[in-house]
Protein chains: 2
Amino acid sequence: MEYQEAKEKFISTWGSLGTLWGINKAMAQIQSLLFISTKALSMEEIMEELKISRGNTSMNLRQLMDWGIVTKALIPGERKEYFTTEKDVQELARHIAKERSRREIKPVIKILKDVSSIKDDGTEKTKELIKQTKALHDLAETADAMMNKIVNQEQTWITKSLMKLIK
Amino acid sequence: MEYQEAKEKFISTWGSLGTLWGINKAMAQIQSLLFISTKALSMEEIMEELKISRGNTSMNLRQLMDWGIVTKALIPGERKEYFTTEKDVQELARHIAKERSRREIKPVIKILKDVSSIKDDGTEKTKELIKQTKALHDLAETADAMMNKIVNQEQTWITKSLMKLIK
DNA sequence: ATAAACTTTCAATAATTACTGAAAGTTTAA
DNA sequence: TTAAACTTTCAGTAATTATTGAAAGTTTAT
């Protein structure tokens with residue numbers, strides 16, 4: 001496999017994986033393109049490389065910046081804006097985990113807490129609802145806490161912890 | 001909050017969370033309905049409760065069965081088929097983690113391995129592609145291994161391990 | 001073998017989500 | 001202040017994904 005083929009394979013695979021996990025294709029592809037690029041890229045270059053429109057590129061770059069995994073890299077003397085992604089996979093994982101926790105997991109935990117706190121009226125179905133949502137709440141909270149804990153350590157800690165678990 | 005409201009809130013929240021993570025709404029809602037039900041439900045009952053068509057119910061039940069988290073519960077003397085979901089949250093988490101690993105993570109790890117194994121032609125861009133996809137490969141493999149490790153223990157082990165990590 | 005009771009399939013359609021391109025907006029240089 | 005160089009926005013459209021409903025299929029009872 002040659003460079004060009006490998007690059008395309010990587011970008012398109014990453015795009016499909018994103019889709020499978022609720023992330024849009026263009027967003028995943030822009031990120032992966034930046035991830036293997038040796039330099040910051042302009043909007044023009046991204047559009048050209050991925051064959052997507054200016055508007056699409058602009059919107060997805062903004063989203064990636066909102067997620068904190070892409071940043072503007074101002075190149076001295078250049079008028080255009082250039083973009084780079086976090087290049088360290090562990091930092092990348094940190095950002096993504098942190099954001100998904102904040103945006104998606106935390107709110108659901110909150111609702112599970114509310115739902116599992118309804119008044120027990122003594123009926124079987126109410127008891128079951130309370131029991132099951134409480135179990136889900138506890139699982140979600142434990143998993144989320146673990147995630148955040150891992151994510152808030154210095155980078156090397158992650159590998160060490162995981163290794164400890166695995167071996 | 002009364003039972004009915006809590007129930008609806010739970011089911012619709014679970015549906016939205018599913019959507020956010022690439023699982024279709026009906027599928028997530030059927031599962032959550034079964035999860036808090038005190039008994040196995042027929043297709044009729046599910047359709048009625050969630051206001052979805054027979055075809056949709058049938059297809060999504062099949063998918064849930066493919067994922068191994070819903071099973072047919074044959075009720076003696078009944079012609080109809082009844083369905084239940086895994087009621088233990090930890091078993092549920094096990095199944096989901098295991099399946100997502102098998103279907104989605106493993107194939108991507110394979111591709112990352114291929115891509116990161118291309119011949120180093122000495123150019124900077126090739127070196128970068130190799131370096132970055134290798135880093136991603138290692139991260140994915142470590143995370144996946146951890147997942148599978150956790151997932152293949154007896155149930156209580158999970159909580160213990162997570163607790164150890166957190167405290 | 002027939003029919004009733006049920007489930008599955010799938011073409012048509014609806015709903016959702018992503019993408020485009022051009023107009024409007026912004027920034028910088030002269 | 002003007003205009004060139006660039007970015008953002010957003011209404012319209014395209015692509016994708018989910019859902020319906022009815023016909024076809026299956027199973028069971030008689």
Side-chain angles (χ1 to χ4, degrees), chain A residues 11-34 40-67 70-85 103-104, chain B residues 11-34 40-67 70-85 103-104:
Chain A
I11 291 172
S12 88
T13 302
W14 216 237
S16 324
L17 183 67
T19 302
L20 223 45
W21 288 79
I23 287 153
N24 97 30
K25 204 179 84 188
M27 189 169 156
Q29 292 193 335
I30 291 171
Q31 197 279 329
S32 65
L33 174 63
L34 293 175
L41 301 180
S42 67
M43 221 161 80
E44 214 70 43
E45 291 169 310
I46 296 169
M47 290 167 55
E48 150 72 14
E49 186 88 43
L50 302 177
K51 307 272 180 274
I52 59 181
S53 73
R54 192 174 294 284
N56 199 6
T57 309
S58 171
M59 284 170 121
N60 283 106
L61 276 170
R62 164 199 276 286
Q63 275 210 78
L64 284 164
M65 288 188 288
D66 288 349
W67 274 79
V70 162
T71 46
K72 286 186 183 168
L74 294 181
I75 294 188
E78 285 276 9
R79 178 79 169 269
K80 244 179 256 170
E81 292 181 323
Y82 288 80
F83 303 89
T84 12
T85 191
R103 300 176 185 209
E104 298 162 9
Chain B
I11 292 172
S12 88
T13 302
W14 215 238
S16 322
L17 184 67
T19 302
L20 222 45
W21 287 79
I23 288 152
N24 96 29
K25 204 178 84 189
M27 187 171 159
Q29 292 193 334
I30 292 172
Q31 196 279 328
S32 64
L33 175 62
L34 294 174
L41 301 178
S42 66
M43 219 161 79
E44 214 70 46
E45 292 169 308
I46 296 169
M47 289 167 57
E48 150 73 14
E49 185 87 43
L50 301 177
K51 308 272 179 276
I52 59 181
S53 74
R54 191 173 295 284
N56 199 5
T57 308
S58 171
M59 284 171 120
N60 283 104
L61 277 170
R62 163 199 277 285
Q63 275 210 77
L64 284 163
M65 289 188 289
D66 287 349
W67 274 79
V70 162
T71 47
K72 285 186 183 167
L74 294 181
I75 294 188
E78 285 275 8
R79 179 80 169 272
K80 242 178 261 174
E81 292 180 324
Y82 288 80
F83 302 89
T84 13
T85 190
R103 299 175 186 212
E104 299 163 9

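Chain identifiers are assigned alphabetically (A, B, ...) following the order of the sequence lines, protein sequences preceding nucleic acid strands; residue numbering begins at 1 within each chain.
Crowding of Glu48(B) atom CD: a count of heavy atoms from other residues, nucleotides or ligands under 6.0 Å not exceeding 12.
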**OP:** Starting at the 5' end of nucleotides 2-13 of chain D, put B wherever the base has a protein heavy atom under 4.0 Å, S where only the sugar-phosphate does, and a dash everywhere else.
**Re:** --BBSBBBB---
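For Arg79(B), the side chain to side chain donor-acceptor pair (under 3.5 Å) criterion is met by no residue, not counting sequence neighbours. The side chain to side chain donor-acceptor pair (under 3.5 Å) test applied to Thr85(B) returns Gln31(B), not counting sequence neighbours. Shown here are the side chain to side chain contact (heavy atoms under 4.5 Å, CB included) partners of Thr84(B), two or more places apart in sequence or in another chain: Ala40(B), Thr71(B), Ala73(B).
Looking at heavy atoms from C-beta onward, Ile11(B) lies in side-chain contact with Leu50(B) at the 4.5 angstrom threshold.
Listed by residue number, Asn24(A), Ala26(A) are the residues of residues 18-29 of chain A with a heavy-atom contact under 4.0 Å to DNA chain C.
Shortest non-hydrogen contact noted between Met43(A) and Phe83(A) is N-CE1, 4.3 Å.
The nearest whole Å value for the distance from the CG atom in Asn60(B) to the P atom in dG21(D) is 16 Å.
Here the straight-line distance linking atom CD1 of Ile23(B) with atom CH2 of Trp14(B) works out to 9.5 Å at 0.5 Å rounding.
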Can you give each donor-acceptor pair under 3.5 Å made by side-chain atoms of residues 56-66 of chain B, sequence neighbours left out, with the distance rounded to 0.1 Å?
unit_1, atom_1, unit_2, atom_2, d
Thr57(B), OG1, Ser53(B), O, 2.7
Asn60(B), ND2, Asn24(B), OD1, 3.4

